[in-house]
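The next block holds one structure in the form of C-alpha cells; read it before the comments.
As the structure is a prediction and not an experimental result, all values here were calculated from the model.
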Amino acid sequence: MLNQEHTPRTELPAWLYLWLPVASVSAFLLINLIDSAFFLRWVESELGVLELATPAILLPGVYFGIQAVRHGRLIIDLRVRAWIGLVTLGCIYFAGEELSWGQWLFGWQTPELLRGVNDQNETNIHNISSWFDQKPRLLLEIWVLVGGVILPIGRMLNNSAYPEGDWRYWFWPTTACLPVSLIAILIKLPERIKDVFGLGSFSFELRWSEVQELYFAGFLCLYLYSVLERLRQQHSDPQAQP
C-alpha cells in the first residue's frame, strides 16, 4: 500500500529532469523541420548526434549505478541492490552496442566470428537475434511506460509516495523520470500509427526508434542518478522522509 502521509519528492534539479529533455526533443523536431538535410547528416547519421549522445548519456548512468550499489550496501534491500546492478550492466551493454563496442570510433574490421551471423557486419550482438535487441527493448519500454509514466502519475494524482523503508521506494522510478519517460513513449507514436493504419510516409519523418533510444538512455541515467541522490540524502540526513 502507498503511504498517504508522504507526498512525492523530486530529488533532481528541474533543469536536468524536465527542461533538458523537453528542450532537446524540441530542438530535434525544429531542426528537422527547418533543414532535414542538415538533420540527416549531422544528427541521424551513423556518427551523428543521436548515435553519440546515447552512449554519452549512458556512461554517467554506469557511474551513478556503481556508486548507488556501493552506497546502498547497508540500506537497500539485497534484491533491489541486485536490480540496480542489473540496470547498471544494462547501461554498459546498451552503450557498448550503440558504438559497436568502439568499431565506429576506431574503425576496426568486424571479427570473422561475427561476419557470418551479424546482419549488418558490425561488432555487436543486437543484430544477431531479436533476443539481444527487440525483446530487451520491449521489456525496457514496458518498464518505462509502467514505472516511468503510469505509476508516477498515479502517485501524483493520489498525493502519495512509497515510504522509504519499502523496497518499492528504491525499485520504482520517481517523478523525476516522468518527463523523459513520456517523451520516450510518445516519440514512437507516429511510427506506430503509420504501421497500424497502413499509412505512407509522413511529410515529417524521423528515425523514431533512434530518437526513442536516446530518451531510453536518458531514463536509465536519471533513474540511477535518482537512486544515488536519495541514498546520499538519506546518508546525510537519516531522518529525511521521501
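- The side-chain contact (heavy atoms from CB on, under 4.5 Å) test applied to Ala184 returns Val144, Tyr215, Phe216, not counting sequence neighbours.
- The closest side-chain heavy-atom distance from Phe64 to Tyr223 is not below 4.5 Å.
- Residues Leu157 and Trp172 are members of one and the same hydrophobic cluster, defined by side-chain heavy-atom contacts under 4.5 angstrom among Ile, Leu, Val, Met, Phe, Trp and Tyr.
- Shortest non-hydrogen contact noted between Ile84 and Gly65 is CG2-O, 3.9 Å.
- The closest donor-acceptor contact from the side chain of Arg232 to the backbone of Ala68 lies at 3.5 Å or more, if one exists at all.
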| message | With side-chain contact (heavy atoms from CB on, under 4.5 Å) as the criterion, how do Glu141 and Gln212 come out once you've worked through the C-alpha distance, each side chain's angles and the decisive distance to 0.1 Å? | response | CA-CA 10 Å; Glu141 186 165 6; Gln212 186 182 54; 3.3 Å; yes

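- Contact of the Leu224 side chain with the Tyr63 side chain is not registered, since no non-hydrogen atoms from C-beta on lie closer than 4.5 Å.
- Tracing side-chain contacts under 4.5 Å through hydrophobic residues (I, L, V, M, F, W, Y), one never reaches Val227 starting from Leu59; they form parts of separate clusters.
- The CG atom of Leu178 sits 6.0 Å away from atom CE of Met156, with the distance rounded to the nearest 0.5 Å.
- Side chain to side chain, Thr174 and Glu11 meet the donor-acceptor criterion of an N or O pair below 3.5 Å.
- Here the CG atom belonging to Leu145 is positioned 4.0 Å from the CD1 atom belonging to Ile150, to the nearest 0.5 angstrom.
- Taking the ring centroids of Phe219 and Trp143, they lie under the 6.0 Å cut-off.
- In terms of heavy atoms, Ile31 sits closest to Phe39 at CG2-CD1, 3.9 Å.
- Here CZ of Phe94 is found 11.5 Å from SG of Cys221. Values are rounded to the nearest 0.5 Å.
- Side chain of Ser226 to backbone of Leu222: no donor-acceptor contact under 3.5 angstrom is found.
- In this structure, Arg79 is not positioned above the aromatic face of Phe171 in the sense of NZ or CZ being under 6.0 Å from the six-membered ring centre and within 45° of the axis.
- In the hydrophobic cluster analysis, where Ile, Leu, Val, Met, Phe, Trp and Tyr join through side-chain heavy atoms closer than 4.5 angstrom, Trp15 is grouped together with Leu12.
- Residues Ser209 and Lys188 have side chains in contact (heavy-atom distance under 4.5 Å, counting atoms from C-beta outward).
- Remark: Ile92 CD1 to Ile66 CD1 distance equals 6.0 Å, nearest 0.5 Å.
- Hydrophobic clustering (side-chain heavy atoms under 4.5 Å, transitive across Ile, Leu, Val, Met, Phe, Trp, Tyr) groups Leu86 together with Leu220.
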Please evaluate residues Arg230 and Gln233 with respect to the criterion side-chain hydrogen bond (donor to acceptor under 3.5 Å, both in side chains), reporting the C-alpha separation (whole Å), side-chain torsions for both, the decisive distance (0.1 Å), and the verdict.
CA-CA 5 Å; Arg230 282 178 281 145; Gln233 291 167 10; over 6 Å; no

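- Summarising the geometry of Pro21 relative to Leu16, their closest heavy-atom pair is CD-O, 3.3 Å, with the distance given to 0.1 Å.
- Contact check for Ser36 versus Asn32: side-chain heavy atoms found under the 4.5 Å cut-off.
- Counting heavy atoms from C-beta outward, Pro60 and Tyr225 have side chains that stay 4.5 Å or more apart.
- In terms of the salt bridge (charged side-chain N to carboxylate O under 4.0 Å, His left out) criterion, residue partners of Glu213 (sequence neighbours excluded) are, by chain and number, Arg137.
- Looking at every heavy atom in both residues, Thr175 comes nearest to Arg155 through N-NH2, 4.5 Å.
- Aromatic ring orientation, Phe38 versus Trp42: tilted (interplanar angle from 30° to 60°).
- Under the 4.5 Å side-chain criterion, counting only non-hydrogen atoms from C-beta, Leu214 is not in contact with Glu210.
- Interatomic distance, Asp77 CG to Asp166 CG, rounded to the nearest 0.5 Å: 9.5 Å.
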Please evaluate residues Arg81 and Trp170 with respect to the criterion side-chain contact (heavy atoms from CB on, under 4.5 Å), reporting the C-alpha separation (whole Å), side-chain torsions for both, the decisive distance (0.1 Å), and the verdict. CA-CA 9 Å; Arg81 283 177 53 202; Trp170 301 104; over 6 Å; no

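- Leu139 and Val80 fall into different hydrophobic clusters, where Ile, Leu, Val, Met, Phe, Trp and Tyr are joined by side-chain heavy atoms under 4.5 Å apart, directly or via other members.
- Distance check, rounded to the nearest 0.5 Å: CD1 of Ile183 to OG of Ser24 gives 6.0 Å.
- Across all their heavy atoms, Gly85 and Val69 have their closest contact at N-CG2, 4.0 Å.
- Pairing each heavy atom of Leu228 with each of His71, the nearest pair is CD1-CD2, 3.7 Å.
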